[in-house]
There are 2 protein chains.
Amino acid sequence: MVTAEPALTPGQRLPLSRERVLRTAVAIADEHGIEAVTMRRVGDELGAEAMSLYHHVANKNDLLDGVVDLVAQEINDVVDGLDTSGPWQPVVRARILAARQVLLRHRWAPGLLATRSALSPHVVLYHDRLVGLLHGGGFSYDLAHHALHALGSRALGFSQELFDPGAGASAGPLPAELAAAVPSLVAMLSEVAHDDPGATLGWCDDQTEFEFGLDLLLDGLDRRRTGS
Amino acid sequence: MVTAEPALTPGQRLPLSRERVLRTAVAIADEHGIEAVTMRRVGDELGAEAMSLYHHVANKNDLLDGVVDLVAQEINDVVDGLDTSGPWQPVVRARILAARQVLLRHRWAPGLLATRSALSPHVVLYHDRLVGLLHGGGFSYDLAHHALHALGSRALGFSQELFDPGAGASAGPLPAELAAAVPSLVAMLSEVAHDDPGATLGWCDDQTEFEFGLDLLLDGLDRRRTGS
DNA sequence: TTGACCAGCCTTACGTTGTAAGCCACTCTG
DNA sequence: CAGAGTGGCTTACAACGTAAGGCTGGTCAA
């Protein structure tokens with residue numbers, strides 16, 4: 001039972017709608033992972049047949065696009081409430097970290113975001129506001145443009161980690177024969193106290209590391225801005 | 001056990017092997033995209049049946065893991081030939097840009113890399129060498145660890161772009177009603193001369209923008225290293 | 001030499017997926 | 001009241017990964 005429903009006269013069913021379909025898909029993904037989102041499953045959850053969904057979404061691709069946009073909308077709802085006064089850097093930083101918090105509620109979302117080619121209106125909106133803040137903070141549009149590229153997915157609060165250097169410490173050591181071949185990693189991992197394997201966003205992207213990389217970029221951008 | 005290739009009498013068929021299966025999968029992906037890589041298709045291409053592949057790969061997941069590792073191996077083959085003398089920063093920079101060149105030959109690879117959870121031995125090797133270079137260049141292991149996280153997928157030569165700010169310029173303007181809602185983006189795009197929509201790596205990640213973001217990170221890391 | 005074994009191929013079949021096609025029951029509108 | 005949506009449902013199909021097992025030729029111990 002995924003959605004709270006208004007009281008209906010018994011026997012009557014709440015009609016489907018694009019909104020309900022998308023929200024149900026998000027709920028399923030939150031609870032069982034994105035791979036559990038199938039047309040039949042979404043239909044089941046709504047007490048309908050898979051084919052009925054096609055009256056509200058064009059196809060599964062469209063459904064996933066809608067799901068992404070819904071998450072992006074959730075991000076915008078959060079960041080629009082943030083204070084935008086003061087120097088650009090803490091403002092942008094807080095905004096990105098707030099977006100990140102939303103994505104932490106939908107761990108499957110970064111992976112989905114990354115595979116969508118169609119541009120979600122709310123993702124575009126998000127970046128528009130970001131450019132506005134940068135420009136208002138003294139960035140030329142040219143530098144703001146570079147900034148968007150440089151931040152990449154970090155602008156929305158996640159980063160792509162291809163391989164988790166901390167996994168060897170927490171999830172058991174590397175396979176022995178591989179460990180012998182990677183002395184620098186072994187040395188690094190034995191020295192790094194990676195004692196907070198807490199909230200990660202997919203690819204060993206814990207909060208501290210995310211903020212480190214983000215600040216590296218923001219500091220660098222500010223230096224480019226002031227021409228120092 | 002890798003058997004040397006036997007001289008075949010004409011009409012006889014080259015036997016399958018994990019190596020051949022993986023190389024064929026890479027070839028199919030290069031030519032028709034990663035979604036064209038199905039067990040049946042790989043089998044066809046080898047003149048064999050889909051089920052025969054299972055004698056050489058455990059399942060499709062294993063096949064894709066192998067494909068990723070093959071690409072990573074190709075990267076290692078290239079970067080191992082690079083000069084590693086001199087200051088760390090240009091050495092690492094050149095190495096990452098060389099890795100990028102390999103990925104540009106396999107445009108589907110970044111997307112695949114991003115979805116694999118199992119760690120590829122060659123990806124691990126690549127990062128080991130990178131850590132070695134950083135440490136040799138004056139990084140503490142702790143800072144090197146942060147550096148890996150900060151670079152993320154950029155260490156291997158690509159970046160995750162969720163939305164292409166240049167697409168509006170090259171692929172026709174945004175939908176009109178959306179354009180009206182994003183004044184900052186419109187202003188930015190009208191000012192930015194985005195005249196080289198050439199070699200991109202998936203998500204509007206052209207060479208200039210990639211290098212801009214990379215240098216931002218490398219400069220920042222060097223500053224952290226020297227404690228300035 | 002012979003017989004057991006087995007690696008490496010093939011065939012058949014099943015469950016799951018997205019979705020095309022079409023039926024039917026409403027509710028509007030002319 | 002006729003006709004046209006609108007929004008459900010049923011049926012059916014092709015493509016996918018892969019389980020199960022058959023055939024065949026080569027290897028090797030007895």
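Letters A, B, ... are given to chains in the order of the sequence lines, protein chains preceding strands, and every chain is numbered from 1.
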>> Distance check needed: dC9(D) C1' versus E49(A) CD, whole Å only.
In response: 7 Å
> Whole-Å distance between dG18(C) P and R41(A) CZ?
Replying inline: 12 Å
>> What is the distance, to the nearest angstrom, from the CZ atom on R40(B) to the C1' atom on dA13(C)?
In response: 11 Å
>> Tell me the interatomic distance from M39(B), atom CE, to dC14(C), atom C1', rounded to whole angstroms.
In response: 17 Å
>> Which is more 5' along DNA chain C, the nucleotide nearest M51(A) or the one nearest E35(A)? Just name the residue.
In response: E35(A)
> If you measure from the Lys or Arg side-chain nitrogens to the Asp or Glu carboxylate oxygens, is any gap between R116(B) and D65(B) under 4.0 Å?
Replying inline: yes
> When you check the phosphate oxygens OP1 and OP2 of dC10(C), does a side-chain N or O of S52(B) lie under 4.0 Å from one of them?
Replying inline: yes
>> Evaluate L133(A) against R95(A) for side-chain contact (heavy atoms from CB on, under 4.5 Å), listing each step before the verdict.
In response: CA-CA 10 Å; L133(A) 287 173; R95(A) 176 170 277 248; 3.3 Å; yes
>> Just the rounded figure in Å: distance from P of dG7(D) to CG of L46(A).
In response: 15 Å
>> Return whichever of N61(B) or H55(B) has its heavy-atom-nearest nucleotide of DNA chain D closer to the 5' end.
In response: N61(B)
>> Side chains of E74(A) and H106(A): any donor to acceptor distance under 3.5 Å?
In response: yes
> How many Å lie between CG on D44(A) and P on dT16(C), as a whole number?
Replying inline: 12 Å
>> Measure CG/N59(B) against P/dG15(C) and give the value in whole Å, please.
In response: 20 Å
> Would you say the side-chain atoms of Q207(B) and R100(B) include a donor-acceptor pair closer than 3.5 Å?
Replying inline: yes
>> Rounding to an integer number of Å, can you tell me how far K60(B) NZ sits from dT16(C) P?
In response: 19 Å
>> Taking the minimum atom-to-atom distance to the side chain of Y54(A), which one of dG17(D), dT11(C), dT19(C) wins?
In response: dT19(C)
> Of S17(B) and A50(A), whose closest DNA chain C nucleotide lies nearer the 5' terminus?
Replying inline: S17(B)
> Would F212(A) and H149(B) count as a close aromatic pair, with their ring centres under 6.0 Å?
Replying inline: no
> Is H56(A) near enough to dG8(D) that one of its side-chain N or O atoms lies under 4.0 angstrom from OP1 or OP2?
Replying inline: yes
